[in-house]
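Just the heavy atoms: all of them, side chains too, but no hydrogens, waters or symmetry mates, feed the values below. Count residues from 1 along the sequence. Keep in mind that what you see is a predicted model, and the values were worked out from it rather than measured.
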Amino acid sequence: MRQFDLAPLYRNTVGFDRLFSMLDQFVGVDAAPSYPPYNIERTGENAYRISVAVAGFTDQDLSIEVKENALSIRGEKKASEERKTDVLYQGIAARTFERRFQLADGVQVVGAALENGLLHVDLTRQIPEAKKPKLIPINTNGVSRTIEAQQAA
């Protein structure tokens, strides 16, 4: 029997979480971490936050770019001057990386912050007016009443 690994799709998309949550429950897939580790959190009904562990990087070493529904986070350490000490053990990785996330339609990057070794990228899903629920007036015998259209969950 074949096993399908949906982890690359799940961890690199934002805004498709309901679909992938259902698929994860059905298949039972766990995402495998890679460098640099990160979290994707839902902070509100239409708000998300991606937190990337970037210990040892400064804001000058990091770049964030959004292009055609793709979010790219890059980290590249600038060449430092001669070290004054010898490193006996280096456990903090400071290698160059690029992490890409596919954003759903309507998901926009609203800000980024670097604090305590974590890069936080805040996102929001903006639902277009055409896709929002709207009130439909119903006329019956000259009396108008309004029924609210409900959005499927």
Do [X] side-chain atoms and [Y] backbone N/O form a donor-acceptor pair below 3.5 Å?
X: Thr124; Y: Asn46; answer: yes
X: Glu98; Y: Ile73; answer: no
X: Lys77; Y: Gly56; answer: yes

*Identify whether Ile40 and Tyr35 are in the same connected component of the hydrophobic contact network (ILVMFWY, side-chain heavy atoms under 4.5 Å).*
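In one cluster with Ile40: Tyr35, yes.
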*What pairs with Ala47 under side chain to side chain contact (heavy atoms under 4.5 Å, CB included), at least two apart in sequence or on another chain?*
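Ala47 satisfies side chain to side chain contact (heavy atoms under 4.5 Å, CB included) with Thr43 once adjacent residues are dropped.
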*With sequence neighbours excluded, tell me which residues meet side chain to side chain contact (heavy atoms under 4.5 Å, CB included) with Glu76.*
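Here the qualifying residues are Thr96.
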*Start with the C-alpha distance between Val54 and Leu118, add both sets of side-chain angles, then the distance that settles side chain to side chain contact (heavy atoms under 4.5 Å, CB included), and finish with yes or no.*
CA-CA 6 Å; Val54 291; Leu118 292 175; 6.0 Å; no
*Do Tyr48 and Arg125 have side-chain N/O donor and acceptor atoms under 3.5 Å apart?*
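Per modelled atom types, Tyr48 and Arg125 side chains form a pair under 3.5 Å.
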*Exercise: identify the closest heavy-atom pair between Ala53 and Pro36*: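 Scanning both residues completely, I find the closest heavy atoms to be O-CB, 3.4 Å.
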Rounded to the nearest 0.5 Å, what separation is found between the [atom1] atom of [X] and the [atom2] atom of [Y]?
X: Glu41; Y: Asp122; atom1: CD; atom2: CG; result: 9.5 Å
X: Leu103; Y: Glu68; atom1: CG; atom2: CD; result: 12.0 Å
X: Ile50; Y: Leu123; atom1: CD1; atom2: CG; result: 5.0 Å

*Carefully, step by step, assess Ile64 and Leu119 under the rule side chain to side chain contact (heavy atoms under 4.5 Å, CB included).*
CA-CA 10 Å; Ile64 302 170; Leu119 175 66; 4.0 Å; yes
*Regarding Arg74 and the six-membered ring of Phe97, is the cationic atom NZ or CZ under 6.0 Å from the ring centre and inside 45° of its axis?*
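Relative to the ring axis of Phe97, which defines the angle, Arg74 lies outside at least one limit.
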*Assess whether side chain to side chain contact (heavy atoms under 4.5 Å, CB included) is satisfied between Asn69 and Asp105, documenting all intermediate values.*
CA-CA 7 Å; Asn69 289 353; Asp105 290 337; 2.8 Å; yes
*Can you list every pair that meets side-chain hydrogen bond (donor to acceptor under 3.5 Å, both in side chains) and has a residue in residues 108-121, with sequence neighbours left out?*
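Found Ser51-His120.
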*asked:* The test is side chain to side chain contact (heavy atoms under 4.5 Å, CB included); show your working for Asp61 and Thr58 and say whether it passes.
replied: CA-CA 5 Å; Asp61 299 331; Thr58 65; 3.2 Å; yes
